[in-house]
Amino acid sequence: MIHSMTAFAAKRIALGHGFEAAWELRSVNNRFLDLSVRLPDPWRPLEPELRQRLAERIKRGKVEVRLQLQCSAASTPPAVAPEALAALAQLQATIREHFPDAPPLSVAEIAQWPGVLSGDADDTEAQRAALLAAFDATVDELIAHRAREGAQLAAALETRAQQLREWVREARRLAPEAHARYAAQLSAALAQITTPETEDRIRQEVALYAQKVDVAEELDRLDAHLDELAHTLTRDGPVGKRLDFLMQEFHREANTLSAKAAHPDLTRIALEMKVLIEQMREQVQNIE
């Protein structure tokens with residue numbers, strides 16, 4: 001199944017002690033997997049595990065992870081441990097003696113500091129488990145969003161690929177006629193200046209030119225690339241890089257077809273192909 005690299009997901013849960021936690025995940029296109037994780041200070045130890053969980057499920061894209069903690073509207077103030085609170089206050093004061101510009105701790109940061117709230121050891125582990133479960137659910141939602149957009153991208157590519165096949169068929173139909181017409185025009189023009197001594201040479205040059213403007217190989221390769229595109233769109237796992245390579249090959253064949261075209265209709269078809277291929281390439285940039 002094709003996955004887009006552009007998506008958004010969010011989830012909010014009650015964390016206990018009158019606090020709520022909100023996960024936000026955003027992803028956009030990128031050549032590789034680029035993870036950015038922003039967590040409140042007390043929960044920064046979670047970052048390595050979050051990165052590992054994401055890397056196991058997402059292979060490409062720039063993914064931003066953000067966790068926010070907020071006081072719930074209707075909450076009962078939890079019991080605090082005065083000794084831990086005093087120790088934290090002393091620690092902050094000592095640090096700010098050396099770093100006076102350091103920002104003070106917020107209420108949410110203080111509440112999440114180990115030992116400050118009653119029952120903290122057990123609660124912290126329960127909160128950690130709840131945060132990870134909510135994170136996994138948010139990743140599920142993000143991937144589902146990427147899958148839905150991926151299906152739309154695949155449909156758009158299939159539509160344009162079908163139109164490209166139509167242009168290839170039209171080019172095959174026109175190529176022999178175009179070559180024959182051009183050869184006849186060239187032979188007629190050369191007949192006016194042909195002499196017995198040059199007749200064989202001119203005939204050889206006409207045949208050689210006909211070979212140079214033959215586009216059968218380019219059309220065969222375009223058909224082969226279209227078959228590979230159809231197969232790739234049905235594969236599981238990341239296929240964006242493979243599709244990007246195919247778009248380069250499409251461009252190469254269309255450019256060659258345009259250069260070798262011996263008739264205005266073939267030139268027009270080559271230009272139409274380039275427009276379609278560029279549209280496909282833009283879509284491919286968003287595929288994982």
Side-chain angles (χ1 to χ4, degrees), residues 1-11 22-38 47 50-68 134-168 221-255 257-258 269-288:
M1 177 182 294
I2 299 297
H3 282 199
S4 168
M5 287 188 283
T6 304
F8 171 80
K11 188 173 182 61
W23 286 107
E24 285 189 2
L25 276 68
R26 304 172 187 268
S27 69
V28 295
N29 61 324
N30 195 63
R31 290 186 64 192
F32 308 101
L33 180 60
D34 181 8
L35 303 180
S36 174
V37 181
R38 298 177 60 185
E47 182 171 344
L50 299 181
R51 288 180 173 274
Q52 180 180 349
R53 293 189 181 206
L54 276 173
E56 289 174 352
R57 305 187 63 187
I58 296 176
K59 303 306 178 184
R60 288 185 71 202
K62 179 177 175 61
V63 183
E64 296 181 1
V65 178
R66 185 177 183 183
L67 173 64
Q68 291 182 302
F135 175 76
D136 288 340
T138 312
V139 175
D140 289 342
E141 182 180 335
L142 185 78
I143 292 175
H145 189 171
R146 285 163 65 106
R148 289 192 297 270
E149 288 209 5
Q152 295 175 355
L153 290 175
L157 287 173
E158 289 169 351
T159 299
R160 287 170 173 79
Q162 183 58 40
Q163 181 58 62
L164 191 56
R165 283 192 186 275
E166 294 294 332
W167 286 125
V168 171
R221 284 193 287 269
L222 282 170
D223 272 334
H225 296 333
L226 284 165
D227 290 341
E228 180 60 25
L229 173 63
H231 172 68
T232 302
L233 291 176
T234 64
R235 295 178 59 176
D236 292 329
V239 295
K241 291 183 179 180
R242 187 177 188 86
L243 290 174
D244 190 54
F245 172 76
L246 277 175
M247 294 305 109
Q248 296 177 35
E249 294 303 303
F250 278 127
H251 268 296
R252 190 193 318 278
E253 302 305 335
N255 285 334
L257 179 63
S258 178
I269 287 174
L271 291 176
E272 294 287 355
M273 286 181 176
K274 289 182 182 181
V275 172
L276 279 173
I277 293 167
E278 180 59 24
Q279 292 173 350
M280 294 165 69
R281 188 194 67 81
E282 290 177 0
Q283 300 285 4
V284 165
Q285 300 310 304
N286 289 320
I287 293 178
E288 182 180 17

Q: Evaluate the criterion side-chain contact (heavy atoms from CB on, under 4.5 Å) for residue pair R165 and D223; output intermediate values, then yes/no.
A: CA-CA 7 Å; R165 283 192 186 275; D223 272 334; 4.0 Å; yes
**Q.** Verdict with supporting geometry, K11 and D136, salt bridge (Lys or Arg N to Asp or Glu O under 4.0 Å)
**A.** CA-CA 10 Å; K11 188 173 182 61; D136 288 340; over 6 Å; no
(Q) Going by side chain to side chain contact (heavy atoms under 4.5 Å, CB included), name the residues that satisfy it together with E149, two or more places apart in sequence or in a different chain. (A) S4, T6, H145
Q | Qualifying residues under side chain to side chain contact (heavy atoms under 4.5 Å, CB included), relative to A147, sequence neighbours excluded | A | M1, H3
Q | Side-chain heavy atoms of L54 within contact of L25, under 4.5 Å | A | yes
Q: Would you mind reporting whether L233 and L243 have side-chain heavy atoms less than 4.5 Å apart?
A: yes
Q.
Among residues at least two apart in sequence or on other chains, which ones pass side chain to side chain contact (heavy atoms under 4.5 Å, CB included) with N29?
A. M5, Q285, N286
Which atom pairs, donor and acceptor, lie under 3.5 Å between side-chain atoms of residues 245-254 and protein residues at least two apart or in another chain?
{"from": "E249", "atom 1": "OE2", "to": "R252", "atom 2": "NH2", "distance (Å)": "2.9"}
{"from": "E253", "atom 1": "OE1", "to": "R221", "atom 2": "NE", "distance (Å)": "3.1"}
{"from": "E253", "atom 1": "OE2", "to": "R221", "atom 2": "NE", "distance (Å)": "2.9"}

Q.
When you compare the side chain of S27 with that of L142, does any pair of heavy atoms fall below 4.5 Å?
A. yes
Q) When you look at W167 and L257, which way does the side-chain contact (heavy atoms from CB on, under 4.5 Å) test go after all the steps? A) CA-CA 12 Å; W167 286 125; L257 179 63; over 6 Å; no
Q: Using the side-chain contact (heavy atoms from CB on, under 4.5 Å) rule, take I287 and R60 through it: C-alpha gap first, then chi angles, then the decisive distance, then the call.
A: CA-CA 9 Å; I287 293 178; R60 288 185 71 202; 5.9 Å; no
Can you give me every donor-acceptor pair (side chain of residues 271-279, partner residue at least two apart or in another chain, under 3.5 Å) with its distance?
{"from": "K274", "atom 1": "NZ", "to": "N255", "atom 2": "OD1", "distance (Å)": "3.1"}
{"from": "E278", "atom 1": "OE1", "to": "R281", "atom 2": "NE", "distance (Å)": "3.2"}
{"from": "E278", "atom 1": "OE2", "to": "R281", "atom 2": "NE", "distance (Å)": "3.3"}
{"from": "E278", "atom 1": "OE2", "to": "R281", "atom 2": "NH2", "distance (Å)": "2.8"}
{"from": "Q279", "atom 1": "OE1", "to": "R160", "atom 2": "NE", "distance (Å)": "3.1"}

Q | With A10 via side chain to side chain contact (heavy atoms under 4.5 Å, CB included) - residues at least two apart | A | F8, E24
Q. Under the criterion salt bridge (Lys or Arg N to Asp or Glu O under 4.0 Å), which of R146, R242, K241, R235 is the partner of E288?
A. R146
